[in-house]
Amino acid sequence: MTGLREATYTVAGGYQIHLKSAGAGPVVVFIHGSGPGASGASNFRQNWPEFVAAGYQVILPDMIGYGASSKPEGIDYTLQLFTDTLYDALRQHGIERATLVGNSLGGGVAIQLTLDHPEFTERLILMAPGCVEEQADYFKMPGITKMVSNFGGPDFNLDEQRRLIGNLVHPDFAPNIPEALVQERFAVARTQPKDVLVRMRTPNLGPRVGELNVPIFVLWGLNDEFCPESGARHFLDRCADARCMTFTRTGHWVQVERAEEFNRYSLEFLRG
């Protein structure tokens, strides 16, 4: 991860939010999803360098409970908590306006942040965004049931971490998962409390996406087993300025499984 600057900010509640940044120019904030070991830099390792090369300043935050940020125990990890602590850190970092790129839970955070602070968001790029269905409906998805693991316990190991990452992608892509990514996420996962997953609380923002008054680009894998691809209809049906791209033989991680296409199409969208 060479070329990344690092900063940590104390936000409301006394929590510490860590972020990495690179490049200069219009700001693009990459917001990672949930899962054992997730962090900003690991989730977007194949993406951010292309955005820097294209003339953007990229911000890679670690949300509360993840990466190098605070990981409190004994609290509910609500969407509002993720959103408010991230926004606080971004403003302390001097960011006044940005494009938000969000995958899974990060997509839900990007939507909530834009609803709460519409003046902050310039554009939205959402990859299989969460929080657009009822939380109970997500728990019925086959990918969620496959994520049952020893996470948070002493028996959690590298093989388990590798299996969990493999669940996120289409079987075609699973052999291509870099070992460095497995190691990187395992190091973070060993520091996370179970509460970050067990006590996550997300609302259904699907009925509110029509309030998003910014250009929106939605990307979804047809074989996503975590967030149903049918969720794209919420944006197409309700938003004034949305476009959606669906990929065959692709799971939950479009930005990883289809990195080259994700980078190319997203940069074209940013250029208008």
Side-chain angles (χ1 to χ4, degrees), residues 1-12 15-33 38-64 66-69 79 82-127 129 209 211-219 235 239 241-243 254-256 259 262-272:
M1 297 294 171
T2 54
L4 288 170
R5 306 179 291 268
E6 303 197 34
T8 302
Y9 297 97
T10 301
V11 299
Y15 304 121
Q16 305 254 296
I17 300 297
H18 181 84
L19 57 82
K20 295 178 172 68
S21 62
V27 178
V28 180
V29 180
F30 288 84
I31 311 174
H32 65 79
S39 70
S42 70
N43 275 45
F44 301 106
R45 58 192 297 141
Q46 295 165 268
N47 313 119
W48 68 262
E50 296 295 324
F51 284 72
V52 170
Y56 293 92
Q57 179 187 172
V58 302
I59 310 291
L60 299 160
D62 294 336
M63 289 198 287
I64 187 168
Y66 292 90
S69 293
L79 185 64
F82 288 122
T83 303
D84 291 346
T85 51
L86 172 62
Y87 180 72
D88 191 341
L90 292 174
R91 291 311 310 264
Q92 288 190 56
H93 196 65
I95 309 295
E96 296 182 1
R97 192 159 167 78
T99 289
L100 303 181
V101 180
N103 175 230
S104 195
L105 171 65
V109 171
I111 293 168
Q112 185 70 65
L113 196 155
T114 304
L115 291 171
D116 292 348
H117 309 281
E119 74 293 338
F120 184 83
T121 303
E122 193 163 356
R123 290 169 181 261
L124 282 170
I125 300 175
L126 305 171
M127 300 86 74
V209 299
E211 299 171 38
L212 299 169
N213 197 23
V214 296
I216 303 169
F217 183 24
V218 181
L219 304 99
F235 301 91
C239 297
D241 186 3
R243 70 279 297 138
V254 170
Q255 78 279 10
V256 175
F262 168 80
N263 295 338
R264 176 158 42 94
Y265 295 134
S266 296
L267 288 168
E268 286 176 4
F269 170 67
L270 290 185
R271 296 183 190 113

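This is a predicted model, so every value here is computed, not measured. In this chain, numbering begins with 1 at the start of the sequence shown.
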query: What residue among Leu113, Leu90, Val101, Thr99 forms side-chain contact (heavy atoms from CB on, under 4.5 Å) with Val29?
result: Leu90
- request: Examine the side chains of His18 and Thr8 and answer whether a donor and an acceptor come within less than 3.5 Å of each other.
  value: yes
field: Option among Val218, Val209, Thr114 that satisfies the side-chain contact (heavy atoms from CB on, under 4.5 Å) test with Leu124
entry: Thr114
field: Smallest separation among heavy atoms of Pro26 and Gly55, with atom names
entry: CD-O, 3.5 Å
query: So do Gln255 and Ser266 actually touch side chain to side chain, heavy atoms under 4.5 Å?
result: no
field: cation_pi(Arg123, Phe269) dist<6.0 Å, angle<=45
entry: yes
- prompt: Are side-chain heavy atoms of Phe82 and Tyr66 found at a separation under 4.5 Å?
  reply: yes
Qualifying residues under salt bridge (charged side-chain N to carboxylate O under 4.0 Å, His left out), relative to Arg91, sequence neighbours excluded: none
field: Pairwise salt bridge (Lys or Arg N to Asp or Glu O under 4.0 Å) hits with a residue in residues 263-272, at least two apart
entry: Glu260-Arg264
- prompt: How long is the gap from CG on Leu86 to CG on Asp62, to the nearest 0.5 Å?
  reply: 10.5 Å
query: Does Glu96 CD have over 12 foreign heavy atoms under 6.0 Å away?
result: no
query: Quick check: does any side chain N or O of Arg5 sit under 3.5 Å from a backbone N or O of Gly23, one acting as donor and the other as acceptor?
result: yes
query: Can you name the closest pair of heavy atoms from Ile95 and Ala98 and give their distance?
result: CG2-CB, 4.0 Å
field: Min side-chain heavy-atom separation Ile216-Asp241 under 4.5 Å
entry: no
query: What are the two closest heavy atoms between Glu122 and Pro215, and how far apart are they?
result: O-CD, 3.6 Å
CG-CD distance between Asn213 and Glu119, expressed to the nearest 0.5 angstrom: 12.5 Å
- request: Output all residues satisfying side-chain contact (heavy atoms from CB on, under 4.5 Å) with Ala22, sequence neighbours left out; order by chain, then residue number.
  value: Leu4, Trp48, Val52, Val58
task: List in chain and number order the residues that pass side-chain contact (heavy atoms from CB on, under 4.5 Å) with Pro49, two or more places apart in sequence or in another chain; answer none if no residue qualifies.
output: none
Heavy-atom closest pair, residues Gln46 and Asn263: O-ND2, 3.1 Å
- request: Show your reasoning for whether side-chain contact (heavy atoms from CB on, under 4.5 Å) applies to Leu105 and Leu79.
  value: CA-CA 8 Å; Leu105 171 65; Leu79 185 64; 4.1 Å; yes
Under the ring pair (Phe, Tyr, Trp, His ring centres under 6.0 Å) test, residues paired with Tyr87 that sit two or more places apart: His117, Phe120
message: Give me the atom names and distance for the closest heavy-atom approach of His32 to Met63.
response: NE2-N, 3.0 Å
- prompt: To the nearest 0.5 Å, how far apart are CG in Asn47 and CG in Asn103?
  reply: 9.5 Å
From CA spacing to verdict: side-chain contact (heavy atoms from CB on, under 4.5 Å), Leu270, Ile125: CA-CA 9 Å; Leu270 290 185; Ile125 300 175; 4.1 Å; yes
statement: To the nearest 0.5 Å, atom OG1 of Thr121 lies from atom CZ of Arg97 at 8.0 Å
- request: Output the distance between atom CD1 (Ile31) and atom CG (Leu100), rounded to the nearest 0.5 Å.
  value: 4.5 Å
task: Identify the two heavy atoms, one from Gly33 and one from Asn43, that lie closest to each other, and give their separation to 0.1 Å.
output: N-ND2, 3.6 Å
query: What is the distance from atom CZ of Phe217 to atom CE of Met127, rounded to the nearest 0.5 Å?
result: 10.0 Å
- prompt: Which residues pass the side-chain contact (heavy atoms from CB on, under 4.5 Å) test with Val11, sequence neighbours left out?
  reply: Tyr15, Ile17, Thr85, Asp88, Ala89, Gln92
message: Quick check: Phe30 with Phe51 (ring centres under 6.0 Å apart)?
response: yes
